[in-house]
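Input: a single structure, listed below in structure tokens.
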Amino acid sequence: MTGATESYELDVDGRALPVAAAWLGESLLYVLRERLGLPGAKNACEQGECGSCSIFLDDVLVNACCVLAADATDARIRTVEGFGDADHLSDVQAAFLGTGAVQCGFCTPGLILAVHDLLDQVPDPTGLEVREAISGNLCRCTGYGRILQAVEEVKATRSGASGPRGESP
Amino acid sequence: MTTRSVGAPVARSEDPRLLRGEGRYLDDLGHDAFQIAMVRSPHAHARVLDIDVSGALEVEGLIAIHTFEDLPPRLQEPLPLLLPHPSLTAGRTQHLLADGEVNHVGEAVVMVTATDRYAAEDAAERILVEYDPLPAVVGPERARAAEHAVHDDVPDNVAAHLEQSIGDAPAAIGAAPNRLRFRLDIERSASTPMEGRGTYARWDGDDERVRLHTSTQAPTSVRAAVAAFLGLQLAQVECIAPDIGGGFGVKIMHPWPEEILVPWAARELGHDVKFTEDRREHFVSANHERAQVHWIDVGFDDDGRVLGLDVEFIHDHGAYIPYGLIVPIITSTQLIGPYKLENYRVVFDSVYTNTTPVSPYRGAGRPQGCFAMERTIDRIAAHLGKDRTEVRSVNFLQPEEMPYDFGLTFQDGRPLRYDSGDFPASLEKLKQLVDWDGFEERRAAAEAEGRLLGIGLATYVEGTGVGPYEGGHVLIEPGGTVQVSTGLSTQGQGHQTVFAQIVADELGVDLADVRVVTGDTRRFPYAVGTFASRAAVMSGNAIHLAARRVREKALRIASEALEVDAEDLELADGQARVVGSPDTAIDLKVVATLSNPLRYAFDESARIATQFANPGKEGQPPVTDDDEPGLEATDYYSPMSSTFANGMHAVEVSVDPDTSDIEVVRYAVVHDCGPLLNPRIVQGQVLGGVAQGVGGALYERMAYDEHGQLQNASFMDFLMPYATEVPSVDIDHLETPSPLNPLGIKGAGEAGVIPGAAAIAAAIEDATGVVIDAMPISPSQLHEQRLTTAQDRPGDTT
């Protein structure tokens, strides 16, 4: 049931963005997509099961569908729109491109953030740690193999080794 | 020098945008549109007695409420039966909104339009619908028992009964030295793309036109349906498939009720309107597939050669049958796989149940057919104590027998006629890839560690690239950009990249200069759709043919401009140039400019084509009778029959002897779709298919209770695999070209999913000794079966 509205401000990708006269029950995903024009985070389940709406809230990876926007006024929010620009992909995005880890692309923004989160915290994860780290993200197209390969490439590149730019699946 | 790009693992041009979150899917459009929420039936079967909307009227933001009674007469007609068939004698389709009766949970009853989705859902929640529940028919066998009817006027619940045969199976089975009879079950599953259904419409009252964006695999057909329901001329309807977050078959169903209701509401309300399905709606309102029960009767000789095969099955098509008999016909015909069956009879009933309707999900009847055939071959091998690969080998159709006409009718109404493939060679590759002959050593090693290891394999043949046709348009702009369009839409297969590769090679231009548009009726209005692994075969070849015409025209114009013979020219590096003398050349963009005789020099580059600079040939008009302005061409590809891809999977599973937990430890694929246009994309398709096959074998099922309630309608309960569940996969390719099309290619989109359940069942059976005759299977089901088997065989230990 919609009720009283309030205006507030969110810190998104380093910009202070005003949210005018919004119902306080709106999810952060809804506010990002519908009020702030940032549709990079996707809505695929609205119950925190698929990871398609992953964003960073004060450097913690969360499902934006399960966060109230009005609760995030004191937090630093980062969305996929804050990673890479027209001329430059982040290393994780570039590895997804190079390995062929994208198909329909709907889950991709969430996975990009999940992989950044993993490698920023654990620079040298084991295979099982990688699978566990992205197991909050559903992908129906790729079967994940290429995504795992992309993680390995970034891992190798960041550690200074020359990452294999293979053509294998 | 432009290098050839077809066959190279080119990075996808689609991806940079998608990686930055700049993809624009249906719900990313129409920001200011009114939003629709549906009141859907909570009952599987009920009469609708009364609808009370009064409680919803005060909801702030409410715009409109529509029930069946509020719709104009044309919109009160049921949805079309998309694929009529002579055997489909009792076809029933749904209404846009329920007409006094609901036949599955999730059927739309009331449409609520509001300023935003929150308000629409608030209003929908306050609408009271009074139902009189009726007995629900759930499951194919209860449907055929016909204790209750789904539709009053179809008392036996049978929409269609179809029989096809080759030779005389019953006689051959009767005369065979060995005979086995058994039953095989496959449960319901669904495509379940990450993006659900969605439709957004804008009505332009000044132009009297509707522009429809919809998440569909068939935009041209949606356009035609909208025009028909709304009483518009085709010219008044534009339909565009934007970025689509996966389809896997479910979005070939059309028109969905919402695809008609949304543009109608937009016209009625004079405002943009959008419907975006939520996840629970998708589970109950978007179509499912797979549920079938099969009874097998097979006769064979002592080498394992199948002498006669008789298959009866029931296909559960749910509450309505808008997509006709495609799925069971595919099972009937593709069950044969790579085997030379000379006596085969198949008969099915397609039955109504009070569950979500059925239309193709990736594989479309083939996973069931593959399961039936491959489990049969495994039973024969077990009965005779033979290696499972040997029994397959003695039954293979041989490469020199191609093309081979089985004498059956395929899903496209054309003969079932295999065009290519080398099954013995594929099997040999698979055995190498998975080290089939070394398995017993691995089994012994696992046993020493207390693990049960098993291996299985499954083979399939997939009719791909079905007709009737697709088209392609290729245009070189005077600025040098090459514009390409085709009518079918794309759901993540990388079509923009692959089609650009085809054109770049034909025209000798840089890949980056080729722009591909799919699924936009404004650009290409003739199309069939994306299904049956057909996009690359159909549109790829059509675009190839169109590009070839553009090439010929470019060479002709260039030869006139350079005053050299066209046969001495080549297209490369964006130029037409003399072979061996590349300094004598003309840029393709100049050729494009010259192809269009001008009056006005609107910019500097246009001057060369204006009337005083380029008056044309004496005695001929500037555009001759057999020519057209512009460096562009349209062409179509329409095959005589489908092209048949094939493949084989082998799987090793490890079963925990205490818990019956099942782990896939090795997965090997040999795949033959002819020459690979882009190996990375083809392999990506195979890998994704395998993941869905693993899901379908071990995790995913639509858990209906006896009342027709779907018990697991969420990602929490419907166990789609995460990265933790999908094994790594080894892939090898055999490339036997198809003789049917210029590129020699066969479809690849669905292949990966087809043999998953059959191969994994075989591996589990091999690991545990328990006969697996129903899929999917969970660890607890396997455990029960192992206990039961142990009880039946006293003395055995598990």
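Because the structure is predicted, anything quoted here is derived from the model rather than measured. Note that these values count all heavy atoms, side chains included, but never hydrogens, waters or copies made by symmetry. Below, read A as the first sequence line, B as the second, and so on, with proteins coming before strands; counting in each chain starts at 1.
- Of the two parts of A/Tyr144, only the side chain, counted from C-beta on, holds a non-hydrogen atom closer than 4.5 Å to a non-hydrogen atom of chain B.
- Side-chain contact between A/Val80 and B/Arg20: absent, with no pair of heavy atoms (C-beta onward) separated by less than 4.5 Å.
- Residues A/Pro109 and B/Gly21 share a closest heavy-atom pair of CG-CA, 4.1 Å.
- Considering only heavy-atom pairs separated by less than 4.5 Å from chain B, the leading option among A/Thr79, A/Leu89, A/Ile134 is A/Leu89.
- A/Gln103 contributes a side-chain N or O that, together with a main-chain N or O of B/Gly684, makes up a donor-acceptor pair within less than 3.5 Å.
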Problem - Stepwise side chain to side chain contact (heavy atoms under 4.5 Å, CB included) check, B/Ser714 with A/Gln47 - result: CA-CA 9 Å; B/Ser714 80; A/Gln47 55 178 191; 3.1 Å; yes

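- Heavy-atom pairs under 4.5 Å with chain A peak, among B/Val686, B/Thr490, B/Val726, B/Ile681, at B/Val726.
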Practice task
Give the C-alpha distance, both sets of side-chain angles, the deciding distance and a yes or no for side chain to side chain contact (heavy atoms under 4.5 Å, CB included) between B/Arg680 and A/Arg146.
Solution key: CA-CA 10 Å; B/Arg680 188 183 287 156; A/Arg146 298 282 181 69; 3.6 Å; yes

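- Atom CD of A/Gln121 has more than 12 heavy atoms from other residues, nucleotides or ligands within 6.0 Å.
- If you measure heavy-atom distances from B/Arg17 to chain A, you find no contacts under 4.5 Å at all.
- Contacts of B/Gln685 with chain A are made by both backbone and side-chain atoms, with heavy-atom separations under 4.5 Å.
- Note: A/Cys104 leads A/Ser90, A/Cys104, A/Gly48 in heavy-atom pairs under 4.5 Å with chain B.
- Smallest separation of non-hydrogen atoms from A/Pro39 and B/Asp28: CB-OD1, 3.5 Å.
- Rounded to the nearest 0.5 angstrom, A/Asp85 CG and B/Glu22 CD are separated by 9.0 Å.
- Of the atoms belonging to A/Glu34, heavy atoms from both backbone and side chain fall under 4.5 Å from chain B.
- Most heavy-atom pairs under 4.5 Å with chain A, from the set B/Thr192, B/Val694, B/Val690, B/Asp32: that is B/Thr192.
- Listed here is the closest heavy atom pair of B/Leu19 and A/Ile112: CD2-CD1, 3.6 Å.
- Across all their heavy atoms, B/Phe715 and A/Cys45 have their closest contact at CD1-CB, 3.6 Å.
- For A/Thr142, the part sitting under 4.5 Å from any heavy atom of chain B is the backbone (N, CA, C, O) and nothing else.
- A/Arg140 is listed as a side-chain neighbour of B/Met720, based on a closest heavy-atom distance under 4.5 Å.
- Contact check on A/Lys42 versus B/Asp27 returns no salt bridge, with no Lys/Arg side-chain nitrogen under 4.0 Å from an Asp/Glu carboxylate oxygen.
- Heavy atoms of B/Gln491 lying under 4.5 Å from chain A belong exclusively to its backbone.
- By the 4.5 Å heavy-atom criterion applied to side chains, B/Pro16 and A/Leu97 are counted as neighbours.
- Between A/Cys141 and B/Phe248 the shortest side-chain heavy-atom distance falls below 4.5 Å.
- For CD of B/Glu725, the number of neighbouring non-hydrogen atoms (other residues, nucleotides, ligands) closer than 6.0 Å is greater than 12.
- Residues B/Asp243 and A/Phe106 are not in side-chain contact: their nearest non-hydrogen atoms beyond the backbone lie 4.5 Å or more apart.
- Here OG of B/Ser728 is found 6.0 Å from CZ of A/Arg131. Values are rounded to the nearest 0.5 Å.
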Exercise for the section: Could you walk me through whether A/Glu132 and B/Thr724 pass the side chain to side chain contact (heavy atoms under 4.5 Å, CB included) test, one step at a time? Expected result: CA-CA 6 Å; A/Glu132 285 288 344; B/Thr724 35; 3.9 Å; yes

Practice task
Mind running side chain to side chain contact (heavy atoms under 4.5 Å, CB included) on B/Tyr722 and A/Cys50 for me, showing each step along the way?
Solution key: CA-CA 9 Å; B/Tyr722 290 96; A/Cys50 75; 6.0 Å; no

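- The closest side-chain heavy-atom distance from B/Asp278 to A/Glu46 is below 4.5 Å.
- If you tally non-hydrogen atom pairs under 4.5 Å between each of B/Ala691, B/Pro727, B/Ser191 and chain A, the highest count goes to B/Ser191.
- Salt-bridge check for A/Glu49 with B/Arg280: failed, with every basic side-chain N at 4.0 Å or more from each acidic carboxylate O.
- Here OG1 of B/Thr276 is found 8.5 Å from CG of A/Asn43. Values are rounded to the nearest 0.5 Å.
- Between the OG atom of A/Ser52 and the CZ atom of B/Arg279 there is a distance of 8.0 Å, given to the nearest 0.5 Å.
- Interface remark: A/Leu138 contributes backbone and side-chain atoms alike to the contact with chain B (heavy atom separation under 4.5 Å).
- Looking only at heavy-atom pairs under 4.5 Å with chain A, the residue among B/Glu121, B/Arg24, B/Gln493 that has the most is B/Arg24.
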